[in-house]
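In what follows, a structure is listed as structure tokens, so that the remarks can point back to it.
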Amino acid sequence: MSSPTSSQRSSEVFQGSCHCGAVRFEVVTPIEPAARCNCSLCRRKGALMTPAFPEASLRILSGAEDLTCYQFNTRVAKHYFCKHCGIYPFHASRTMPGMWRANIGCLEGVDPYALDASVADGQKLSVVEDA
């Protein structure tokens, strides 16, 4: 496994998109420490996420109308998906209002398989069983 470069450890501007390219975005964020979550949704989608960043650091360049929002359990977090290809590019956090995370797999020039990742225990934060 390759070690991250210094640019991967600090915030920088990343371009990102869903699989079909309908949704394009720009985000200013570090990519480490990367994280996964074990809640029922994240466990199923398997995405590697950036550290949390403020909402103002995310800019949708095109395709806002191509996004659909999925909310479950407490309906606080907002998980966005491309309604054409189904890819999850980013979400608004439940535990940190005003903060967002991006799917590292959607970011150009970043290899998500080269990063170490912790696992957040989102399953314990659920209010409804297995949510």
Side-chain angles (χ1 to χ4, degrees):
M1 186 172 297
S2 66
S3 62
T5 66
S6 60
S7 65
Q8 291 174 319
R9 291 187 197 112
S10 61
S11 290
E12 68 175 272
V13 178
F14 290 97
Q15 302 291 311
S17 68
C18 64
H19 186 257
C20 71
V23 177
R24 296 191 181 281
F25 64 97
E26 180 177 274
V27 62
V28 179
T29 183
I31 59 168
E32 293 183 301
R36 297 188 189 285
C37 175
N38 68 0
C39 78
S40 60
L41 177 63
C42 291
R43 186 174 68 240
R44 286 169 174 84
K45 71 182 175 191
L48 184 62
M49 301 173 289
T50 65
F53 54 82
E55 182 176 9
S57 294
L58 174 68
R59 189 167 65 110
I60 299 172
L61 302 174
S62 63
E65 68 281 358
D66 296 306
L67 289 167
T68 189
C69 180
Y70 178 68
Q71 294 177 281
F72 69 103
N73 200 327
T74 63
R75 302 199 187 314
V76 173
K78 295 178 181 177
H79 301 265
Y80 290 91
F81 295 85
C82 172
K83 60 185 173 182
H84 305 289
C85 66
I87 294 300
Y88 143 75
F90 42 76
H91 77 274
S93 175
R94 172 183 153 198
T95 58
M96 295 175 280
M99 300 298 279
W100 290 64
R101 291 183 184 267
N103 178 353
I104 291 175
C106 291
L107 302 179
E108 295 173 12
V110 180
D111 180 0
Y113 298 104
L115 302 173
D116 289 326
S118 62
V119 178
D121 197 1
Q123 187 173 24
K124 285 191 177 176
L125 297 174
S126 295
V127 175
V128 178
E129 189 175 317
D130 196 35

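Small disclaimer: the values here were computed from a predicted structure and weren't measured.
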Within the 4.5 Å heavy-atom criterion, are [X] and [Y] side-chain neighbours or not?
| X | Y | result |
| --- | --- | --- |
| L48 | R36 | yes |
| F90 | L58 | yes |
| P30 | S11 | yes |
| E32 | P51 | no |
| C37 | M49 | yes |

Hey, what do you get for [atom1] ([X]) to [atom2] ([Y]), rounding to the nearest 0.5 Å?
| X | Y | atom1 | atom2 | result |
| --- | --- | --- | --- | --- |
| C20 | D66 | SG | CG | 7.0 Å |
| K78 | C69 | NZ | SG | 6.0 Å |
| I60 | L67 | CD1 | CG | 5.5 Å |
| M99 | F53 | CE | CZ | 8.5 Å |

- Task: Decide if the gap between the ring center of W100 and the ring center of F25 is smaller than 6.0 angstrom.
- Result: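 For W100 and F25, the ring centres are not under 6.0 Å apart.
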
Distance-minimising heavy-atom pair for [X] and [Y]:
| X | Y | result |
| --- | --- | --- |
| F72 | H79 | CE2-NE2, 3.8 Å |
| A52 | R101 | N-NH1, 3.6 Å |
| P89 | F81 | CD-CA, 4.1 Å |
| G63 | V23 | O-CG2, 3.7 Å |
| H84 | A22 | CD2-CB, 3.9 Å |
| I104 | I31 | CD1-O, 3.5 Å |

- Task: Classify the angle between the aromatic ring planes of H91 and Y88 as parallel (below 30°), tilted (30 to 60°) or perpendicular (above 60°).
- Result: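 It falls in the tilted class, 30° to 60°.
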
- Does the side-chain contact (heavy atoms from CB on, under 4.5 Å) test come out yes or no for L41 and Y70, once each step is laid out? CA-CA 10 Å; L41 177 63; Y70 178 68; 4.0 Å; yes

- Item | K45 atom NZ: more than 12 heavy-atom contacts under 6.0 Å |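 Enclosed.
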
- Query: Can you tell me if T68 uses its side chain to pair, donor with acceptor, with the backbone of K83 under 3.5 Å?
  - Reply: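 No, T68 side chain to K83 backbone: no donor-acceptor pair under 3.5 Å.
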
- Non-neighbouring partners of S62 that pass side chain to side chain contact (heavy atoms under 4.5 Å, CB included), sequence neighbours left out: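 S62 satisfies side chain to side chain contact (heavy atoms under 4.5 Å, CB included) with R24 once adjacent residues are dropped.
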
